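First the structure, in the form of structure tokens, and then the observations on it.
Computed from a predicted structure; not experimentally measured. Each chain gets a letter, A, B and so on, in the order its sequence line appears, and its residues count up from 1.
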Amino acid sequence: MLKIQNLTKTYTEGKVAVDNLTLQVEPGDIYGFIGHNGAGKTTTIKSIVGIHEFDRGEIYVNGISVGENPISCKQVMAYIPDNPELYDYLTGIQYLNFIADIYRISQKERQERIQKEADDFEITHALGDLISSYSHGMKQKLALIGALIHKPKLLVLDEPFVGLDPKASLLLKEKMRELCSEGSAVFFSTHVLDVAEKLCNKLAIISQGKLQLAGETSYVIKEKSLEQVFMEVAVHDTTD
Amino acid sequence: MIRQIKLLTKLQICNLFGINEVRFTKDKKKKARFCGLSVIWAILLVCLLSYVAGMSFVLVKLEAAQLIPMVLSGITCVIVFVFTFLKTGKVIFQQKAFEQQIVLPVSKTAIIVSRFLTMYLTNLLFTVMVMGTGGVVYAYLVQPNISFYIYGVVCTMLLPLLPITVATMIGVIITAISCRMKYKSLVETALTMLFMGGVIGASMFSSNTGQIAMEDILQSLARMLEQQIGGMYPPALWVGNAMVSGNLTDFLLFIITSLGVFGVFLFCLQKCFLSICTALSTNAGNKSFRLTELSTSSILKALWKKEIKRYFASPIYVTNTMMGYFLMVVFPAIFLIADLGNINIINGAKSLEQTLQMEAVIRKMFPFLLAIMPSIMPTTSVSISMEGKQWWILQSLPVSKEKIIQAKVLADLTVVAPFYVVSEILAIITFRPSFLEMVWLLVIPAVYILFSAVAGIVINLHFPVFDWENETVVVKQSAATFFVMLVGAVTCGIPMGILVVLPEGFEMIYMAVVILLVLGGTGVLWKSKCVDR
């Protein structure tokens with residue numbers, strides 16, 4: 001579903017944010033991407049979703065090259081950043097309808113999906129309000145509904161659990177599992193190691209732009225906890 | 001309190017014009033861009049100061065040197081007032097900065113004064129340059145006594161205070177009225193436009209040019225200037241009298257008025273500041289929302305609808321861009337209402353236009369005069385930057401760059417269309433043009449509107465700003481705004497200038513060539529940046 005080959009991204013100031021990164025996400029995977037602040041997680045994610053251009057390497061989504069055919073890739077993908085800034089001047093329903101228009105979802109389908117997801121996330125009552133009146137958590141929920149509205153084959157999330165209340169966190173995990181059970185894949189970055197350990201079937205640890213460890217969760221963790229592994233791999237690497 | 005004000009003002013000024021960012025960024029492109037822009041600003045500044053100096057020389061030659069301080073202070077105050085008025089609400093009631101500052105142990109007064117001071121200091125810079133240049137010319141040619149210098153320095157320092165206070169006062173009243181309403185942005189925009197329209201209208205009808213009778217045109221213009229500025233803005237007259245005649249009463253009157261109005265305003269604003277800020281951050285909720293039938297749109301229409309909503313959600317965006325469109329209608333309206341042919345300015349029956357043989361020139365130039373107004377600030381000039389931190393949405397959605405640009409250009413054309421239609425109707429009624437004149441009158445503004453919409457987006461794509469906290473930074477202070485204004489003025493101004501000096505009989509070919517060139521330029525710009533490759 002997602003194939004990253006030798007991805008390298010250098011910023012104009014000369015800082016290498018991602019260095020020769022290679023990993024693969026299969027359909028059905030819930031893939032956790034872990035690293036300390038500034039490790040290169042967000043840069044990798046932004047390269048996948050077409051926000052950042054990259055210097056070297058290739059990214060394929062559903063077998064299509066992001067560099068060559070970004071629109072086709074985005075058609076099957078959805079992305080939510082760590083701090084989803086949405087259109088404050090639209091109401092919740094206007095935003096969702098706008099997203100549905102862009103993905104060309106039929107009127108019947110969008111009606112059903114918006115109703116269901118908004119009910120699940122318990123924000124139906126607020127859909128008529130301007131987004132500027134929403135709390136951080138409500139914006140996050142709205143962004144999630146917008147991301148799920150076209151049933152993406154690949155859902156890419158940057159720190160999705162920040163700002164969500166426990167109930168919404170639980171719901172998001174359920175939605176992830178539901179999506180993956182239908183053959184899609186989820187790729188997300190997180191600092192919450194406990195969640196990653198329990199939720200993901202695959203993990204990757206990145207440090208200073210380089211992939212340190214990747215594979216099945218059991219392979220990555222072995223006999224230890226993810227926290228121990230992370231401290232050994234990532235923190236050890238930054239002190240070198 | 002003084003320490004708090006100093007600290008807060010320093011914080012605001014530290015990134016004025018993006019100086020702090022340029023100072024510490026490691027991005028060489030950003031630094032180079034800033035340097036290039038600074039050079040252009042410096043050139044423009046030299047042009048402005050040369051213009052001020054030239055104007056002062058002309059007044060001396062007209063034996064009206066005594067008008068220099070009054071005229072310059074009047075013009076400065078009008079400019080300061082207009083520019084402050086259009087951004088005051090956003091500066092005084094900056095939402096994010098308010099939330100960050102109000103939790104600190106600083107007083108409300110310190111927050112208000114620091115915001116006010118930032119506006120004052122930037123305007124003072126402009127005032128010192130204008131008044132200083134005119135003052136140097138006056139001092140060199142007239143050699144006044146010491147009171148000119150003493151009063152001059154004090155008056156210059158206080159000059160921006162009154163227009164900023166009055167503009168802020170009106171801005172605050174508008175914000176206070178609109179902040180509690182459901183559609184606060186729309187109400188704020190409407191009130192701002194209404195006020196600006198009122199000011200323009202009032203100045204049109206108070207101009208009274210028809211009744212002035214004098215023996216010499218230039219002298220009459222100087223006298224007219226004195227009457228106009230003195231009538232519209234008496235403090236300018238006080239400044240003039242204080243500086244030129246050493247009139248202590250007028251000097252004190254100016255100081256007391258400036259400081260008094262500011263003091264009263266500050267006292268009143270303190271009382272309502274917090275409640276306005278709170279009301280601005282509170283939105284009317286609709287707790288009983290029920291999902292009804294949703295409409296579907298094509299991608300382009302969805303993007304266009306989003307653009308239109310974004311545009312009308314920002315009063316500062318609307319008022320700044322719509323001013324040009326608004327003037328596009330006002331301009332032919334002035335000619336229609338004033339009936340230029342019957343205005344007697346010179347003693348006797350001769351009209352101004354007959355005396356200066358202006359009618360033919362005005363008729364010829366009118367298509368360009370109409371075109372220049374919407375060209376200097378199209379909505380597209382900042383429409384990419386206005387995406388701000390929400391730019392990620394469009395970047396990550398499956399829409400092509402071409403579609404996004406098409407929607408933005410289309411939104412600009414949608415906004416300008418009603419103004420274009422009304423201004424054309426008024427122009428046709430006023431000038432009763434021949435068939436060919438009608439063609440130029442209709443086509444030239446239309447092609448320039450299209451050109452400026454495309455040029456605006458291309459320039460904004462070259463100079464985007466996304467990491468802003470306050471819309472004022474994008475709409476009023478960004479490089480894109482500046483370049484679009486420059487391009488609009490130059491591309492309209494040069495052909496208009498050539499037209500004036502063009503020999504008789506070449507107009508038709510000339511106009512056709514201009515239209516083709518502008519359309520060609522539009523096409524080249526579109527292909528260069530707006531088409532997916």
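- In terms of heavy-atom pairs under 4.5 angstrom with chain A, the leader among B/Thr296, B/Leu397, B/Leu294 is B/Leu294.
- Proximity to chain B is absent for every atom of A/Leu96, based on heavy atoms less than 4.5 angstrom apart.
- Within 6.0 Å of NZ on A/Lys116 lie more than 12 heavy atoms contributed by other residues, nucleotides or ligands.
- Looking only at distances, no side-chain donor or acceptor of A/Thr43 sits under 3.5 Å from a matching main-chain atom of A/Val18.
- Heavy atoms of B/Ser314 lying under 4.5 Å from chain A are absent altogether.
- With hydrogens and angles ignored, the 3.5 Å screen pairs a side-chain donor or acceptor of B/Lys408 with a backbone N or O of B/Ser383.
- Heavy atoms of A/Ile93 lying under 4.5 Å from chain B belong exclusively to its side chain.
- Looking at B/Glu387, the atoms closer than 4.5 Å to chain A (heavy atoms on both sides) all sit in the side chain, from C-beta outward.
- Contacts between B/Leu300 and chain A at a heavy-atom distance below 4.5 Å are absent for every atom of the residue.
- Interface remark: of the candidates B/Gly388, B/Ala302, B/Ser297, B/Ser297 forms the most heavy-atom pairs closer than 4.5 Å to chain A.
- Open room surrounds NZ on A/Lys153; 12 or fewer heavy atoms of other groups in view lie less than 6.0 Å from it.
- Looking at A/Leu90, only its side chain comes within 4.5 Å of chain B, counting heavy atoms on both sides.
- Ranked by heavy-atom pairs shorter than 4.5 Å toward chain B, the options A/Val156, A/Thr124, A/Ile80, A/Leu86 are led by A/Leu86.
- Side-chain atoms of B/Trp391 never come within 3.5 Å of backbone atoms of B/Ser385 as a donor-acceptor pair (strictly under, hydrogens ignored).
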Taking only distance into account, with no hydrogens and no angle test, what donor-acceptor pairs under 3.5 Å do side-chain atoms of residues 52-65 of chain A form with protein atoms, sequence neighbours excluded?
unit_1, atom_1, unit_2, atom_2, d
A/His52, NE2, A/Tyr11, OH, 3.4
A/Asp55, OD2, A/Thr10, N, 2.4
A/Asp55, OD2, A/Thr10, OG1, 3.2
A/Glu58, OE1, A/Ser65, OG, 3.1
A/Ser65, OG, A/Gly67, N, 3.3
A/Ser65, OG, A/Glu68, N, 3.1

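- Using a 4.5 Å cut-off between heavy atoms, A/Pro84 contacts chain B through both its backbone and its side chain.
- Side-chain atoms of A/Thr42 and A/Asp158 include a donor-acceptor pair closer than 3.5 Å.
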